[in-house]
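Working notes, structure below.
Chain letters run A, B, ... following the sequence lines, proteins first, then strands; residues in each count from 1. Values below: all heavy atoms of this structure, side chains included; hydrogens, waters and symmetry mates excluded.
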Amino acid sequence: MLDHTYIHYITDPSIAAQQVATLAQEPILGVDIETYPLPAYRNRAKAGLDPYLAGIRLVQVASGAGRVAVFDLLHLPPTILTPLTTVPWVVFNGDFEYRHLTHAGLPVPRLQDAMFLDRLISHRLRDLAEVSCDILGQSLDKTLQTSDWGTAQLAPAQLEYAARDALACLRIAEQLTPRIRLLGRHRLYNLWCGALPVLAGLELRGQAFDWENHARLTGVWQQKRDYWAAELTSLLGAGVNPASGKQVSEWFCSHPTAGDLKRWPKTAKTGLLKTGAAEVALYGRPPVVKPLLEFKKYQKLMNTYTDNYVAHQHPVTGYLHPRFWLGGTRSGRISVSNPNTQQVPRYDDFRALFIPPAGKLLISADYSQIELVVAALLSKDQAMLDVYRHQGDLHRTTAAAIAGINPEEVNPDQRQAAKAVNFGNLYGQGPASLAETAYLDYQVSMTTDQARQALQRFDQAYPALKAWKRQQVAAAQQLHKVQTPLGLARDFEVQGVGFLQGEAQNMPIQGAAAEILMSALNRLPAALAGLDAQLYHTVHDELTLQVTPDDADAAAKALQESMVQGFLDIFPEAEEVITKPEVKRGSSWAAVH
DNA sequence: GATCAACGCGCG
DNA sequence: AAAGCGCGCGTTGATC
């Protein structure tokens, strides 16, 4: 491929304009950019990757014949590239290009992302070098990726490197686009491409955060952590680090009266006592249990949500700017990192730290019980669908089926237990595990036998769901894959049935729910057009927007409509089954729950 | 000092 | 043999 690459390095404005006019005639362009840290942030790690801390040095534009124009923005005004935006671009991990170009004030056309194309056949996100090697049979040396892109005189090798990547994007797309269409996965591909600018916009804006109260809360947590640590020192002895599973396990083993050692579960690899909160709560004995659980709780909060958050406070905006990875999980859900604001503790005092920018408010809605609704739709289980059709309460219905009574006779404890059964069942949970989660997560005691019976009654109550689950396991065993409505597949190696059962049952359900959310995200730009409303956050079944108060009513309507229509995009037959998500508004994330 | 496996735990 | 799904990321402890 490289042999036929013709690189045109452009620094002259009139030549640039001429080239841009020619390239704008192409049906599609491969595009890549190179960035460099601004002088003020030269010593800051990865500043060159952050649009606020970096400049765009090169924009490389590849066309089908294998020619690559390399525009040097050190010598050219960025706006000279504007005519190129009449042509679709193929990029790789286009989130990066979108954020940098948008921050630089350049319009960005609809992006085709070769990373997504690859994701749809490779089952995980891969970088350009790996994809190039695999799909094009061409190894890409990435050593120049981190070279000095701010230097006055770029080396020929740098220009070649830059050009090569842009062309690789185009060639990968040429290879994979027909394959994705043939596999019937282009709808999901298009949803990812459509969601890309929505999420990249969120990443660029960031999430406003209340740092003052965060510091206050950190102090409270630290005090509590230290208090319980001191308690543990007197109970366990100064030589035992309560944060060390190994040491805690050894302490329990040498103090047999402190726990039920006979029944205490062991870790898989090292054979120590499991020292998770669940095991400590179930198999430990007073007086060690409470201090240990309290210590673990505040230790976790301190470790994950204090200094680490401060480290992610952006030097320019002061906000959090997490990265949202489309297709980041095996089921097609979005994953989030740096920091992962999808795993924020549900305590109100912490969620209250997530606030809109000054003068705005948050509005938020989530899909109610989306995975159960999706399971009903995928399996076409009439009993389940009937419950939702009549705006019934599935937990109550299941509770009635388990106890063999009428739904009106169900008491709160029974309903709570049924919740555990409903959710556990979706993932192929066994009786012992169900009994444990029922106790730990739902505060309901049941014996393993009762759990077994509950699971059986569930299967009897929803026979089509049971059949569907069995069908998924069979597909995993015989075809070695299961898939979502839009064709995202999960492959299974040949192995024992037990290993894949839960995964095979859950993946299509979780994946379908993710596709619904993806559709809603795709609908947002049009629905919010003309309104001062932007995406603030999304967590699997929830969308949160920041809006100006004047537009709150209209935005709430648009959000609800996007979510309803997004659901129907994946399950057109669901009209009478789904309930409209309720949109809440408030001055923080805690207030919209 | 850097890296890795193992474990644990926050969320949906 | 038994095992509820999907993540990101923290510490511990072993190893290089």
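- A/Q472 has its CD atom 16 Å from the P atom of C/dC5, to the nearest Å.
- As a whole-Å value, the separation of A/R225 CZ from C/dT11 P is 10 Å.
- For the residue pair A/Y388/A/T579, the side-chain donor-acceptor check at 3.5 Å is not satisfied.
- Rounded to an integer number of Å, the gap from CH2 of A/W589 to C1' of B/dG12 is 10 Å.
- Atom CD in A/Q510 sits roughly 12 Å away from atom C1' in B/dC11 (whole-Å rounding).
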Side-chain atoms of residues 288-297 of chain A: list all donor-acceptor pairs with protein atoms under 3.5 Å, sequence neighbours left out, distances to 0.1 Å.
unit_1 : atom_1 : unit_2 : atom_2 : d
A/K296 : NZ     : A/T275 : O      : 2.7

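- Remark: A/R185 engages no residue in a side-chain hydrogen bond (donor to acceptor under 3.5 Å, both in side chains) (not counting sequence neighbours).
- Checked against C/dT12, C/dG4, C/dG10, the side chain of A/D441 finds its nearest nucleotide in C/dG4.
- The side chain of A/N338 places an N or O atom within less than 4.0 Å of a non-bridging phosphate oxygen (OP1 or OP2) of C/dC9.
- Taking atom CZ of A/R333 as the reference point, atom C1' of C/dC5 lies 8 Å away to the nearest angstrom.
- Under the side chain to side chain contact (heavy atoms under 4.5 Å, CB included) criterion, A/L455 pairs with A/V421, A/N425, A/P431, A/L434, not counting sequence neighbours.
- Closest to the A/Y427 side chain, of the nucleotides C/dG6, C/dG10, C/dC5, is C/dC5.
- Residue A/N308 is in sugar-phosphate contact alone, with no base atom involved, counting any heavy-atom pair closer than 4.0 Å across all strands shown.
- Side-chain contact of A/Q472 with A/Q505: a donor-acceptor pair under 3.5 Å is absent, judged by distance alone.
- With sequence neighbours left out, A/Y367 forms a side-chain hydrogen bond (donor to acceptor under 3.5 Å, both in side chains) with no residue at all.
- Taking atom NE2 on A/H540 and atom P on C/dC5, their separation rounds to 16 Å, with Å as the unit.
- In this structure, A/S337 does not reach the C/dG8 phosphate: none of its side-chain N or O atoms is under 4.0 Å from OP1 or OP2.
- Residue A/Q247 is in sugar-phosphate contact alone, with no base atom involved, counting any heavy-atom pair closer than 4.0 Å across all strands shown.
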Going by atom type alone, with no hydrogens or angles, which donor-acceptor pairs under 3.5 Å involve a side-chain atom of residues 583-593 of chain A and a protein atom two or more places apart or on another chain?
unit_1 : atom_1 : unit_2 : atom_2 : d
A/R585 : NH1    : A/D553 : OD1    : 3.0
A/R585 : NH2    : A/D553 : OD1    : 3.0
A/S588 : OG     : A/A590 : N      : 3.2
A/S588 : OG     : A/A591 : N      : 3.3
A/W589 : NE1    : A/E542 : OE2    : 2.7
A/W589 : NE1    : A/H593 : NE2    : 3.3
A/H593 : NE2    : A/R351 : NH1    : 3.4
A/H593 : NE2    : A/E542 : OE2    : 3.3

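- Of the residues in residues 199-221 of chain A, not one comes within less than 4.0 Å of DNA chain B through any heavy atom.
- The residue A/R351 sits close only to the backbone: its heavy atoms come under 4.0 Å of sugar-phosphate atoms, none of a base.
- Every residue meeting the side-chain hydrogen bond (donor to acceptor under 3.5 Å, both in side chains) condition with A/R452, not counting sequence neighbours, appears here in chain and number order: A/D449.
- Positionally, the nearest nucleotide of DNA chain C for A/S331 lies more toward the 5' end than for the other of A/S331 and A/P339.
- Ring orientation note: the planes of A/Y319 and A/H321 are close to parallel, at an angle under 30° on the 30°/60° scale.
- Counting to the nearest Å, the P atom of C/dA3 and the CD atom of A/E436 are 10 Å from each other.
- Taking the side-chain hydrogen bond (donor to acceptor under 3.5 Å, both in side chains) definition, one finds that A/D260 meets it with A/R263, sequence neighbours left out.
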Polar atom pairs (N or O), protein with nucleotides 6-10 of chain B, under 3.5 Å:
unit_1 : atom_1 : unit_2 : atom_2 : d
B/dC7  : OP1    : A/T267 : OG1    : 3.1
B/dC7  : OP1    : A/K269 : N      : 2.9
B/dC7  : OP1    : A/T270 : N      : 3.0
B/dC7  : OP1    : A/T270 : OG1    : 3.1
B/dG8  : OP1    : A/T275 : N      : 2.6
B/dG8  : OP1    : A/T275 : OG1    : 3.2
B/dC9  : OP1    : A/A277 : N      : 3.1
B/dC9  : OP1    : A/K296 : NZ     : 3.2
B/dC9  : OP2    : A/A277 : N      : 2.9
B/dC9  : O2     : A/K300 : NZ     : 3.0
B/dG10 : O4'    : A/Y305 : OH     : 3.4
B/dG10 : N2     : A/Q343 : OE1    : 2.3
B/dG10 : N3     : A/Q343 : OE1    : 2.3

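- The interatomic distance linking A/I509 (CD1) with C/dG4 (P) rounds to 16 Å, in whole Å.
- For A/R523, the salt bridge (charged side-chain N to carboxylate O under 4.0 Å, His left out) partners are A/D569, not counting sequence neighbours.
- Rounded to whole Å, the P atom of C/dG4 lies 16 Å from the corresponding atom of B/dC7.
- Across all strands shown, A/R330 has heavy atoms under 4.0 Å from sugar-phosphate atoms exclusively, and none from any base.
- For A/E503 and C/dC5, a side-chain-to-base donor-acceptor distance below 3.5 Å is absent, hydrogens and geometry of angles not being considered.
- Residues satisfying the salt bridge (charged side-chain N to carboxylate O under 4.0 Å, His left out) test with A/R323, not counting sequence neighbours, are A/D95, A/E203.
- Between A/F354 and A/Y536, the two ring planes are perpendicular [angle over 60°; tilted spans 30° to 60°].
- In DNA chain C, the stems built from three or more successive Watson-Crick or G-U pairs (distances below 3.5 Å) are B:1-12 with C:5-16.
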